[in-house]
Amino acid sequence: MKKKLFLTSFILMWAVITQAQWQPDVRLTIDPAHSWNPSVSVSSTVVHAVWEDEGDGNWEIYYKRSSDEGLNWGADTRLTVNSAESRFPSISISGPVVHVVWTDYRDGNDEIYYKRSINEGISWGDDTRLTNAPSSSYHPSVSVSGSVVHVVWTDERDGNREIYYKRSSDEGTSWEADIRLTNQNAWSQYPSVSVSGSVVHVVWNDDRDGNFEIYYKRSIDEGISWGADTRLTNAPSNSYNPSVSVSGLVVHVVWHDFRNGGSPEIYYKRSIDGGVNWGVDTRLTNNPFDSNNPSVSVSGLAVHVVFSSWRDGNSEIYYKRSIDGGVNWGADIRLTNNFAGSFSSSVSVSGPIVHVVWHDERDGNAEIYYKRDPTGNPIGIINISSEIPNEFSLGQNYPNPFNPVTNIKFDIPKSSMVKITIYDILGSGVSMPVEMRLEPGRYQLKYDASNLSSGTYFYRLYADGEGQKFSKTLKLVLIK
């Protein structure tokens, strides 16, 4: 009876975690001209989207926001006004400050420009020119942590394509000098940046090895100094268009790769120690048609990837996720289903909600579309610190007593198989909210006891890591 109760509890928990509830597509733009290359970022309940739009006779940067987690959307906001092209926007959020970068041709060649809002996108400041070089600077990527804003881009000022970096330490008010991150005779291009605390992670594709491979570089002091280039892929065919996202010490990278023959597939790689060492390449897709241009977003142990795939006869948007930090992956989920092409997807998460934008040609021209899964991001357990603890520990739940949700913090100093089991007063197991391998870190479990009756219960943490075992039990009280 006890085994049956435990098994039922675990299966129900797993079913809740893995169930997808994608809602209908939402058309964000309606105009006779093309709207392309969207980027999405979320802060709390506010969803922010930017894209490039040629409705004004040339390409301009536009912005739109939802203040209720994607249910309703405000009007389009035109961010750029000039007679030249403004393209390839990227967006990142920290609190109420929204940061946008893009490529702009107003100066006679491509330069990187920046704009910010300090009130969650309600109003916007002036354009700021970030680069000033005689050759092209393009395809920027932005990420922010606190008051420090980090921007990377492709730059041709050195006679070939190199990766450059620039930062602001005061939320975009002023900017420091450009820093050249790569220095070799081949092309380095299409960078992506993500930051966790003081550690900045950059990936790009690079053909210094005779074909394009994925490279990585990091700074551990908020972009002041940088380590050596790290080659992440080593295959006979090209690897392109990487995207990076980080949660604590775990760095996640996706890209599309031609190593399997004529059509590109989506590949994944991770580091569990902040970019020092890297695991093996993981092939995420396996079909005879193109899968390309992935985007990745991470929240705790949940890794979310979107990409375009031609397996249905035209380009559609697909989604894939891992709920254990990239160790195992669920099946591909088709997000779009129409007769025309869907391209250039971008993903972001906040709380339990997964947000995706892309451009779509179902309306006769390219328009921006949006889709969300309100339960797609498991929030039961999250990594709450980039620090590696010195020893195992289990904290007292809070609040306690509680009804019906409480928080449990625990520390894992080394890679371990971890179980948290809930017992009733008689010692019978009634729930196992955690049973998975966890990497070193500080974690918080949000435990929902809606299915239990009022009373006194016990929770036990059991961890087995690299020959060291740990077990501790504490009491919790549920009052309904």
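In this model, no donor atom of one side chain and acceptor atom of the other lie less than 3.5 Å apart for Gln189 and Tyr138. A donor-acceptor contact closer than 3.5 angstrom is absent between the side chains of Asn109 and Ser136.
Ring geometry for Tyr443 versus Phe410: interplanar angle under 30°, hence parallel rather than tilted (30 to 60°). Classified by interplanar angle (parallel below 30°, tilted 30° to 60°, perpendicular above 60°), the ring pair Trp226/Tyr165 is perpendicular.
Under the salt bridge (charged side-chain N to carboxylate O under 4.0 Å, His left out) criterion, Asp363 pairs with Arg27, not counting sequence neighbours. By the side chain to side chain donor-acceptor pair (under 3.5 Å) test, Asn183 pairs with Arg180, sequence neighbours left out. Partners of Thr45 according to the side-chain contact (heavy atoms from CB on, under 4.5 Å) rule, which considers only residues two or more places apart in sequence or in another chain, are Glu69. Under the rule for a side-chain contact (heavy atoms from CB on, under 4.5 Å), the partners of Ser147 that lie at least two apart in sequence or sit in another chain are Glu171. Annotation: ring pair (Phe, Tyr, Trp, His ring centres under 6.0 Å) contacts of Tyr105 (sequence neighbours excluded): none. Legend: residues meeting salt bridge (charged side-chain N to carboxylate O under 4.0 Å, His left out) with Glu213, ordered by chain and number and at least two apart, are Arg231. Legend: residues meeting ring pair (Phe, Tyr, Trp, His ring centres under 6.0 Å) with Phe392, ordered by chain and number and at least two apart, are Phe470. With sequence neighbours excluded, the residues satisfying side-chain contact (heavy atoms from CB on, under 4.5 Å) with Ser237 are Phe258. By the side chain to side chain donor-acceptor pair (under 3.5 Å) test, His256 is found to be paired with no residue, residues two or more places apart in sequence or in another chain being considered. Looking at residues two or more places apart in sequence or on another chain, you find a ring pair (Phe, Tyr, Trp, His ring centres under 6.0 Å) between Phe88 and His139.
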Legend entry - Worked check of side chain to side chain contact (heavy atoms under 4.5 Å, CB included) between Val296 and Val303: CA-CA 7 Å; Val296 62; Val303 190; 3.8 Å; yes
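Annotation: salt bridge (charged side-chain N to carboxylate O under 4.0 Å, His left out) contacts involving residues 84-97, sequence neighbours excluded, comprise Glu52-Arg87. Applying the salt bridge (charged side-chain N to carboxylate O under 4.0 Å, His left out) test to pairs two or more places apart or on separate chains, those with a residue in residues 291-311 are Arg311-Asp332.
Put simply, the side chain of Glu265 gets close to the backbone of Asn287: a donor and an acceptor are under 3.5 Å apart. With hydrogens and angles disregarded, a donor-acceptor distance shorter than 3.5 Å links the side chain of Arg65 to the backbone of Glu120. With Ser86 contributing its side chain and Ile61 its backbone, the two residues share no donor-acceptor pair below 3.5 Å. The closest donor-acceptor contact from the side chain of Ser90 to the backbone of Val142 lies under 3.5 Å. Side-chain atoms of Asn314 come within 3.5 Å of backbone atoms of Ala340 as a donor-acceptor pair (strictly under, hydrogens ignored). When atom types are taken as modelled, the side chain of Thr77 and the backbone of Lys64 share no donor-acceptor pair closer than 3.5 angstrom.
Asp360 places a side-chain heavy atom less than 4.5 Å from the side chain of Asn338. Side chains of Val305 and Val347 form no contact here, defined as non-hydrogen atoms less than 4.5 Å apart.
In terms of heavy atoms, Ser188 sits closest to Arg208 at OG-NH2, 4.4 Å.
More than 12 heavy atoms of other shown residues, nucleotides or ligands fall within 6.0 angstrom of atom CG in Asn119. Within a 6.0 Å sphere centred on CG of Asp68, other residues, nucleotides and ligands contribute more than 12 heavy atoms. Other residues, nucleotides and ligands contribute more than 12 heavy atoms inside 6.0 Å of the CD1 atom of Ile179. For CG of Asp170, the number of neighbouring non-hydrogen atoms (other residues, nucleotides, ligands) closer than 6.0 Å is greater than 12. Few gaps surround CH2 on Trp73; more than 12 heavy atoms of other groups in view lie less than 6.0 Å from it.
None of Thr131, Asp178, Asn132 except one satisfies the side chain to side chain donor-acceptor pair (under 3.5 Å) rule with Arg157; the exception is Asp178.
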